[in-house]
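Computed from a predicted model, the values in this text were never measured in an experiment. Positions are given from 1, in the same order as the sequence printed here.
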Amino acid sequence: QVQLVESGGGLVQAGGSLRLSCAASGRTFSNFAMGWFRQAPGKEREFVAAINWSGDNTAYADSVKGRFTISRDNAKNTVFLQMSNLKSEDTALYFCALDWNFRRTVASTTARMYEDWGQGTQVTVSS
């Protein structure tokens, strides 16, 4: 089992930037895809970004394309989400998740494909 701990959330003005981190412990994650999802109050959890095990395949929700970048550092068991030009609609609790399918080539955008989840980090964008 792995523990996922998100950090880097906070309050930022619209147009600003934040960098989220997700550290995995308890088991190496270098062979597995990682994803970021978010959930705003009163809304369902939605896909944000995903990266495959090697980092050469990424996927993004249309709403964040061109503004968010997902990356990973397998040596540090950490995945990142760089968020720029933030908008009020980006306000949500952001979760990282791990897909235990060994060396999945194409990162999944579907929440049910991810087995382990962090507790989330809050991002609030003020307009």
Side-chain angles (χ1 to χ4, degrees):
Q1 189 174 358
V2 68
Q3 288 186 323
L4 302 175
V5 179
E6 302 95 337
S7 62
L11 174 63
V12 63
Q13 290 188 334
S17 299
L18 282 175
R19 189 193 196 203
L20 305 184
S21 299
C22 172
S25 62
R27 188 171 175 178
T28 185
F29 84 156
S30 60
N31 290 312
F32 307 101
M34 297 290 294
W36 285 97
F37 293 78
R38 67 187 181 187
Q39 187 167 18
K43 296 188 177 181
E44 293 187 353
R45 187 172 299 188
E46 65 174 1
F47 168 74
V48 176
I51 187 167
N52 73 343
W53 68 279
S54 60
D56 59 4
N57 174 263
T58 57
Y60 297 93
D62 288 343
S63 59
V64 307
K65 279 181 182 177
R67 300 189 298 121
F68 290 11
T69 302
I70 189 171
S71 61
R72 65 190 297 158
D73 184 339
N74 284 341
K76 295 182 179 180
N77 268 15
T78 303
V79 64
F80 305 98
L81 186 68
Q82 178 67 48
M83 307 186 295
S84 303
N85 191 20
L86 284 161
K87 305 176 181 181
S88 57
E89 51 263 43
D90 295 318
T91 295
L93 187 61
Y94 283 71
F95 301 89
C96 67
L98 187 149
D99 172 2
W100 283 114
N101 189 291
F102 185 76
R103 294 194 174 181
R104 187 189 295 278
T105 303
V106 178
S108 175
T109 63
T110 306
R112 62 180 174 82
M113 301 302 290
Y114 293 84
E115 291 90 350
D116 280 296
W117 294 77
Q119 294 299 306
T121 184
Q122 179 66 38
V123 172
T124 303
V125 183
S126 63
S127 57

Apart from Phe37 itself, members of its ILVMFWY cluster (side-chain separation under 4.5 Å) are Phe47, Leu93, Phe95, Met113, Tyr114, Trp117
Residue pairs meeting disulfide bond (SG atoms under 2.5 Å apart), one or both in residues 98-127, sequence neighbours left out, come to none
- Task: Using modelled atom types only, decide if a donor and an acceptor are shared between the side chain of Glu6 and the backbone of Gln119 within a distance under 3.5 Å.
- Result: yes
Residues 48-78 vs disulfide bond (SG atoms under 2.5 Å apart), sequence neighbours excluded, gives none
Between Val79 and Trp53, is there shared hydrophobic-cluster membership here, with clusters defined by ILVMFWY side-chain heavy atoms closer than 4.5 Å? no
Side chain to side chain donor-acceptor pair (under 3.5 Å) filter on Lys43, not counting sequence neighbours, yields none
dist Arg103:CZ -> Ser54:OG (nearest 0.5 Å) comes out at 8.5 Å
Taken in chain and number order and not counting sequence neighbours, the residues that satisfy salt bridge (charged side-chain N to carboxylate O under 4.0 Å, His left out) with Asp99 are Arg104
For residues 12-23, tabulate all N or O donor-acceptor pairs below 3.5 Å that involve a side-chain atom, not counting sequence neighbours.
none

May I ask you to decide if Asn77's main-chain N or O and Asn74's side chain share a donor-acceptor pair within less than 3.5 Å?
no
dist Thr78:OG1 -> Met34:CE (nearest 0.5 Å) comes out at 9.0 Å
With a cut-off of 3.5 Å and sequence neighbours excluded, list every side-chain donor-acceptor pair involving residues 120-127.
unit_1, atom_1, unit_2, atom_2, d
Thr121, OG1, Gly9, N, 3.1
Gln122, NE2, Ala92, O, 3.4
Gln122, NE2, Thr124, OG1, 3.4

Contacts of Glu46 meeting salt bridge (charged side-chain N to carboxylate O under 4.0 Å, His left out) (sequence neighbours excluded), chain-then-number -> Arg38
Sequence neighbours excluded, the answer for side chain to side chain donor-acceptor pair (under 3.5 Å) partners of Gln82 is none
Those residues at least two apart in sequence (or on a different chain) that pass salt bridge (charged side-chain N to carboxylate O under 4.0 Å, His left out) with Asp62 are Lys65
ask   = Is the number of heavy atoms from other residues, nucleotides or ligands within 6.0 Å of CD (Glu89) greater than 12?
value = yes
Residue set satisfying side chain to side chain donor-acceptor pair (under 3.5 Å) with Arg45, at least two apart, ordered chain then number -> none
- Apply side-chain contact (heavy atoms from CB on, under 4.5 Å) to Ile51 and Trp36, showing your working. CA-CA 9 Å; Ile51 187 167; Trp36 285 97; over 6 Å; no
For Asp116, the side chain to side chain donor-acceptor pair (under 3.5 Å) test, sequence neighbours excluded, returns Trp100
- Item | Side-chain (Ser108) to main-chain (Thr110) donor-acceptor, under 3.5 angstrom | yes
CZ (Phe102) and CG (Asn31) are apart, to the nearest 0.5 Å, by 4.0 Å
(request) Carefully, step by step, assess Tyr60 and Thr109 under the rule side-chain contact (heavy atoms from CB on, under 4.5 Å). (result) CA-CA 8 Å; Tyr60 297 93; Thr109 63; over 6 Å; no
- prompt: Counting N and O atoms only, with roles assigned by atom type, does the side chain of Asn57 sit under 3.5 Å from a partner on the main chain of Asn52, one being a donor and the other an acceptor?
  reply: no
(Q) Using the rule that Ile, Leu, Val, Met, Phe, Trp and Tyr join whenever any side-chain heavy atoms are under 4.5 Å apart, tell me whether Leu4 and Phe32 fall into a single cluster. (A) yes
